[in-house]
Amino acid sequence: MSRLEECFNVQDFVAAARSRLPAPLFHYMEGGAEDELTLRANSGAFARYDLVPHYLHDIRKVDMRRTVFGCPLEWPLLLSPTGLTRVFHPAGELAVAEEAARAGIGYCLSTMATTSIEAVSQRCTGPKIYQLYLLNDDGLNLHMIDRCKAAGFDAICLTVDTIVAGNRERDLRHGLTVPPRLNSKNFWSFAQRPRWCLDYLAGGGFSLPNVPTPDGGDLGTLAAFFAAKMEQNITWARIERLMKHWGKPFVIKGLQSIANARDAVAAGVSGIIVSNHGGRQLDGTAATVDLIADIVDAVGDQLEVVLDGGVRRGSHIVKALAMGARACMVGRPYLYGLAGFGQPGVQRVLSLLRQETARTLALLGCANLDEISRQHITVAGKLPQFLTATAQPDASHTLLRSVK
Ligand SMILES: Cc1cc2nc3c(=O)[nH]c(=O)nc-3n(C[C@H](O)[C@H](O)[C@H](O)COP(=O)(O)O)c2cc1C
């Protein structure tokens, strides 16, 4: 297994996570739905865009501060909500929230978290967002919102792309259960990771303290939970009632169309997170970086638009900002760090991403986030003007297609 100091980018942490986690848990984290087309597209599509530097600007100080969804950020990143975080490492959500605060960015706690709203609030001094899954009982939904109010959360983010569970075949293949339990399919995977098993047992097991079930705790499989509790008829009227009850920034995560973005404006939400759930829900949807510019053009002057999915480099963050995103979110990258090395792993992942973002901005000639624009981005493999302006349209099409 690699050492922490030998991890120099997000990808390096994937190997560390794989070597520490039992296979069912690694694949639960890493995998996507069905053929994983969307999962791969999310990261891959960033290569479709080239950066265009404009030098001879004063970049002695690069200021990356920005307020997003009412949260003041030192640099434009929020940590996406991820359920079941303590199965990856007993330090769990508290370690991630603490590192987000240390890095000066926002943390989003999942409804499916293994740490309570109240515990995160006590430990996390930075901006905090609660990710709400709408349950089919508004009493329970309002109860979660009231707990967030009491705990001083800054914003609520409603995830709308999980009305049914995505078809994640890696979970079936590897015998994933929630909570983790031994079975004939996964026995050897756990037996090969004794350190994880000891940590998990010493870490006090598993609960979902934000899901207001009568008995808390064991919910059987995730699929059973989704089937039993998840609201499958989320309406804008319902969202408006929840927003009113909350009274602070309220954002929607999981939108991918201009029509939905316009509806969000009409409903008066503060922002949207363009997301396909990291390719874990509907496979065959577009990479979010390919959607963001058109959505920003349609609604960006009326609400904040944030990109989520596939971000693995500071240069990805900068490309999204150049398209018009207010900020980006990452899910798996901090989980790789957590699974591989616990809290120090999260710290290093965030520190590397921050350095990459600042370096990319400086190399583009941008001293602050207002200076980054579409002048700094172009399609990858763009042909020189003398070819595109004259008689060779076929050659240009062929070449453009080959970089996809
Ligand atoms: C292990 C795991 C658990 C997740 N759990 C949730 C969740 O509880 N709620 C939610 O809105 N999104 C959840 N997501 C999706 C993330 O919030 C985010 O959309 C996705 O990870 C972004 O893609 P990335 O991992 O490529 O950064 C989860 C993602 C992962 C990898």
Side-chain angles (χ1 to χ4, degrees), residues 10-11 13-14 17 21 24-33 36 38-46 77-89 92-93 96 100 105-115 117 129-135 144 155-163 165-166 168 170-171 176 178 180 208 210-211 219 222 225-226 229-230 234 251-256 272-282 285 287-289 292 306-313 316-317 320 325 327-339 349-350 353:
V10 168
Q11 193 57 33
F13 282 88
V14 179
L21 288 176
L25 298 177
F26 175 75
H27 289 288
Y28 165 66
M29 175 200 292
E30 182 70 344
E36 303 189 337
T38 300
L39 171 68
R40 283 192 295 279
N42 271 349
S43 288
F46 282 100
L77 190 74
L78 297 154
L79 299 189
S80 309
T82 56
L84 319 185
T85 305
R86 279 180 51 221
V87 302
F88 303 121
H89 192 283
E93 288 88 355
V96 179
I105 59 176
Y107 175 65
C108 195
L109 180 73
S110 168
T111 293
M112 301 290 284
T114 42
T115 305
I117 293 167
I129 301 174
Y130 185 68
Q131 178 266 318
L132 184 68
Y133 276 134
L134 203 63
L135 307 180
M144 281 192 278
I156 286 212
C157 144
L158 175 70
T159 298
V160 295
D161 57 11
T162 40
I163 33 182
R168 301 179 200 156
R170 292 202 208 193
D171 294 350
L176 177 79
V178 180
L208 299 176
N210 300 322
V211 182
L219 296 166
L222 202 54
F225 172 76
F226 273 108
K229 285 268 175 251
M230 214 52 98
I234 305 177
V251 307
I252 310 235
K253 173 172 181 278
L255 300 188
Q256 301 179 49
I272 56 173
I273 299 162
V274 176
S275 170
N276 49 41
H277 216 97
R280 299 163 74 80
Q281 283 296 110
L282 178 59
T285 60
T288 50
V289 70
I292 193 88
V306 164
L307 176 140
D308 168 79
V311 171
R312 299 292 179 268
R313 285 278 186 191
H316 295 170
I317 296 174
C328 286
M329 299 180 78
V330 292
R332 293 180 186 85
Y334 73 78
L335 292 179
Y336 298 142
L338 181 73
V349 164
L350 298 183
L353 281 174

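Scope of the values below: all heavy atoms of this structure, side chains included, with no hydrogens, waters or symmetry mates. Indexing begins at 1, ligand by ligand and atom by atom, following the structure's order.
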Point to revise | For ligand 1, the portion of P81 having any non-hydrogen atom under 4.0 Å away | key: both
Practice item. Considering only non-hydrogen protein atoms, determine which one is nearest to atom 31 (C) of ligand 1 and report residue, atom name and distance to 0.1 Å. Key: R280 NH1, 3.4 Å
Point to revise | Nearest non-hydrogen protein atom, atom 9 (N) of ligand 1 | key: Y133 OH, 2.9 Å
Review point. Is the backbone of T115 close enough, under 3.5 Å, to the side chain of R86 for a donor and an acceptor to pair up by distance?
Key: no
**Study point:** Heavy-atom proximity to atom 4 (C) of ligand 1, best of T111, T162, T82
**Key:** T82
**Study point:** Atom indices of ligand 1, in the order listed, that fall short of 4.0 Å to a heavy atom of S275
**Key:** 19 (O)
Practice item. Check ligand 1 against V330 and write out every atom of the ligand that is under 4.0 Å from a heavy-atom position of the residue. Key: 27 (O)
Review point. Considering distance alone, does some N or O of G83 sit under 3.5 Å from an N or O of ligand 1?
Key: yes
Exercise for review: Please indicate whether any nitrogen or oxygen in F88 is less than 3.5 Å from any nitrogen or oxygen in ligand 1.
Suggested key: no
**Study point:** Polar contact flag, side-chain donor to acceptor under 3.5 angstrom, T85-T82
**Key:** yes
Revision key, fill the gap. Among non-hydrogen protein atoms, atom 27 (O) of ligand 1 lies closest to G331 N, 2.9 Å
Revision key, fill the gap. min-distance protein heavy atom vs atom 12 (N) of ligand 1 -> K253 NZ, 3.0 Å
Point to revise | Electrostatic pair R170:E30 at N-O distance under 4.0 angstrom | key: no
Review point. Under 6.0 Å from the six-membered ring centre of F13 and within 45° of its axis: does the NZ or CZ of R332 meet both?
Key: no
Exercise for review: Would you indicate whether the side-chain heavy atoms of L132 and M144 approach each other to under 4.5 Å?
Suggested key: yes
Practice item. Answer side chain, backbone, both or neither: which part of T159 comes under 4.0 Å from ligand 1, heavy atoms only. Key: side chain
**Study point:** Polar atom proximity, Y28 to ligand 1 (N or O, under 3.5 Å)
**Key:** no
Study note, to complete from the structure: of all protein heavy atoms, closest to atom 15 (C) of ligand 1 is H277 CD2, 3.6 Å
Review point. Taking only heavy atoms of D308, which atoms of ligand 1 are found under 4.0 Å from at least one of them?
Key: 18 (C), 19 (O), 20 (C), 22 (C)
**Study point:** Between N42 and N276: side-chain donor-acceptor atoms closer than 3.5 Å
**Key:** yes
Exercise for review: Can you measure from CD (Q281) to OG1 (T38) and round to the nearest 0.5 angstrom?
Suggested key: 11.0 Å
Practice item. Determine whether the side chain, the backbone, both or neither of L335 has a heavy atom under 4.0 Å from any heavy atom of ligand 1. Key: side chain
Review point. Step by step, would you call M329 with V306 a side-chain contact (heavy atoms from CB on, under 4.5 Å)?
Key: CA-CA 7 Å; M329 299 180 78; V306 164; 3.7 Å; yes
Check your understanding: N/O to N/O below 3.5 Å, does that happen between R332 and ligand 1?
Key -> yes
Practice item. Please round to the nearest 0.5 Å and tell me the distance separating atom CD1 of I252 and atom OG1 of T159. Key: 9.5 Å
Practice item. Would you mind running through ligand 1 and noting each atom that sits below 4.0 Å from a heavy atom of R312? Key: 24 (P), 25 (O), 26 (O), 27 (O)
Review point. Do we see a donor-acceptor contact under 3.5 Å between the side chains of E93 and Y107?
Key: no
Study note, to complete from the structure: On a heavy-atom basis, the closest approach of I317 and C328 is CA-SG, 3.8 Å
Review point. N/O of S110 under 3.5 Å from N/O of ligand 1, yes or no?
Key: yes
Check your understanding: Which is closest to atom 20 (C) of ligand 1 in terms of heavy atoms, G278, A113, G254?
Key -> G278
Point to revise | Per-residue contact class, Q131 against ligand 1 - non-hydrogen pairs under 4.0 Å | key: side chain
Review point. Is the side chain of T111 donor-acceptor paired with the backbone N or O of Q131 at a distance under 3.5 Å, no angle test?
Key: yes
